[in-house]
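Since the structure comes first, as structure tokens, the remarks are kept for the end.
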Amino acid sequence: MVGIIVDFTYGLPVVNFEGTIVFLVIGRYHGGAYVVFSKDLNPNLRALAVEGSFASVIGGAPAAAVVFPRNVKRLVEQDKEYKALLKRLSKASAVEKSRVRDDVERLWNNLILEKRGEVATQFDAIHSVQRAVEVNSLDRIIKPKEIRSAIIDELERSYQAPTKSKT
């Protein structure tokens with residue numbers, strides 16, 4: 001028996017299904033999907049990913065914003081342009097302070113976005129599908145032109161091999 005899962009609410013189809021499940025990552029899989037499509041929940045799961053896709057518990061952008069905000073803030077505070085503007089603010093006359101303070105705030109907001117992007121890129125580079133294969137979350141990475149044949153191979157293999165029982 002082979003399963004195709006469209007709705008994986010609460011992971012019940014993965015846990016309760018007794019046949020082989022072929023899971024293919026074509027873009028990103030994060031959060032609940034990363035947890036639900038786990039061989040720990042169903043040892044009959046075959047997980048493939050297309051080259052260039054991403055796999056982690058959380059994506060790079062949310063990680064930068066939620067998990068690593070202190071790192072982002074530190075990067076902003078170390079920025080040369082930001083430091084120079086703060087120095088200018090400290091030396092500004094009373095008349096200039098308001099305008100320079102606005103410049104500092106505008107630069108801060110722009111740098112936060114820029115540094116979040118840098119942290120997100122670094123995070124996604126580390127938490128790649130290659131790493132997911134290394135930690136056994138994915139079975140293998142395939143080229144886009146191999147999608148059809150890879151799925152067929154997995155389906156044929158599932159008919160030949162007895163399914164593994166959940167223990």
Side-chain angles (χ1 to χ4, degrees), residues 1-79 107-167:
M1 186 183 293
V2 177
I4 297 174
I5 297 174
V6 176
D7 179 7
F8 55 90
T9 308
Y10 304 111
L12 294 176
V14 174
V15 174
N16 294 331
F17 190 77
E18 295 187 14
T20 299
I21 298 170
V22 179
F23 174 63
L24 176 64
V25 179
I26 58 172
R28 294 181 171 269
Y29 91 113
H30 299 298
Y34 189 83
V35 174
V36 169
F37 287 101
S38 164
K39 292 175 193 176
D40 290 334
L41 295 178
N42 189 323
N44 298 316
L45 176 75
R46 294 292 298 155
L48 312 173
V50 176
E51 285 180 341
S53 55
F54 294 89
S56 67
V57 175
I58 188 172
V66 178
V67 180
F68 302 112
R70 281 181 271 179
N71 297 29
V72 171
K73 182 181 175 197
R74 187 180 80 270
L75 290 170
V76 170
E77 290 169 344
Q78 293 172 350
D79 184 82
L107 180 60
W108 173 270
N109 291 332
N110 289 339
L111 287 172
I112 285 288
L113 293 176
E114 178 186 318
K115 301 306 178 186
R116 275 186 189 160
E118 290 173 13
V119 170
T121 299
Q122 291 170 352
F123 186 90
D124 280 338
I126 293 167
H127 296 87
S128 64
V129 287
Q130 289 82 5
R131 181 178 175 277
V133 169
E134 291 167 13
V135 300
N136 203 31
S137 292
L138 291 172
D139 293 302
R140 64 188 171 120
I141 301 166
I142 60 173
K143 296 181 184 318
K145 67 181 182 182
E146 298 171 339
I147 292 174
R148 183 183 179 123
S149 63
I151 292 172
I152 291 169
D153 289 347
E154 294 301 335
L155 294 175
E156 286 176 347
R157 200 173 297 145
S158 73
Y159 284 113
Q160 296 167 358
T163 58
K164 302 168 194 165
S165 63
K166 292 182 266 181
T167 3

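Hydrogens, waters and symmetry mates play no part in the numbers below; they use all other heavy atoms, side chains included. Positions are given from 1, in the same order as the sequence printed here.
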### Task
Taking all non-hydrogen atoms of both residues into account, name the closest pair between Val50 and Pro144 and its distance.
CG1-CG, 3.7 Å

### Which atom of Ile26 lies closest to which atom of Ser53, heavy atoms considered
C-CB, 4.1 Å

### Message
Using 0.5 Å steps for rounding, measure from the CD atom of Gln130 to the CD atom of Glu134.
### Response
8.0 Å

I'd like a table of donor-acceptor pairs (distance under 3.5 Å, sequence neighbours excluded) in which one partner is a side-chain atom from residues 116-126, with atom names and distances.
unit_1	atom_1	unit_2	atom_2	d
Thr121	OG1	Gly117	O	2.9
Asp124	OD1	Gly60	N	3.0
Asp124	OD2	Arg28	NH2	3.4

#### Entry: From CD1 (Ile112) to CG (Leu75), nearest 0.5 Å
9.0 Å

### Query
With the threshold set at 4.0 Å, does a side-chain nitrogen-carboxylate oxygen contact exist between Glu154 and Arg157?
yes

### Query
Measuring from Leu24:CG to Leu138:CG, what's the distance to the nearest 0.5 Å?
10.0 Å

### Task
With rounding to the nearest 0.5 Å, note down the distance linking CZ in Arg46 to CZ in Arg140.
7.0 Å

## Note on the structure
Output for pair (Asp79 CG, Lys115 NZ), nearest 0.5 Å, gives 5.0 Å

### Query
Short question: side chain of Asp139, backbone of Ala47 - any donor-acceptor pair under 3.5 Å?
yes

### Message
Working to the nearest 0.5 angstrom, can you tell me the gap between Ile142 CD1 and Ser149 OG?
### Response
7.0 Å

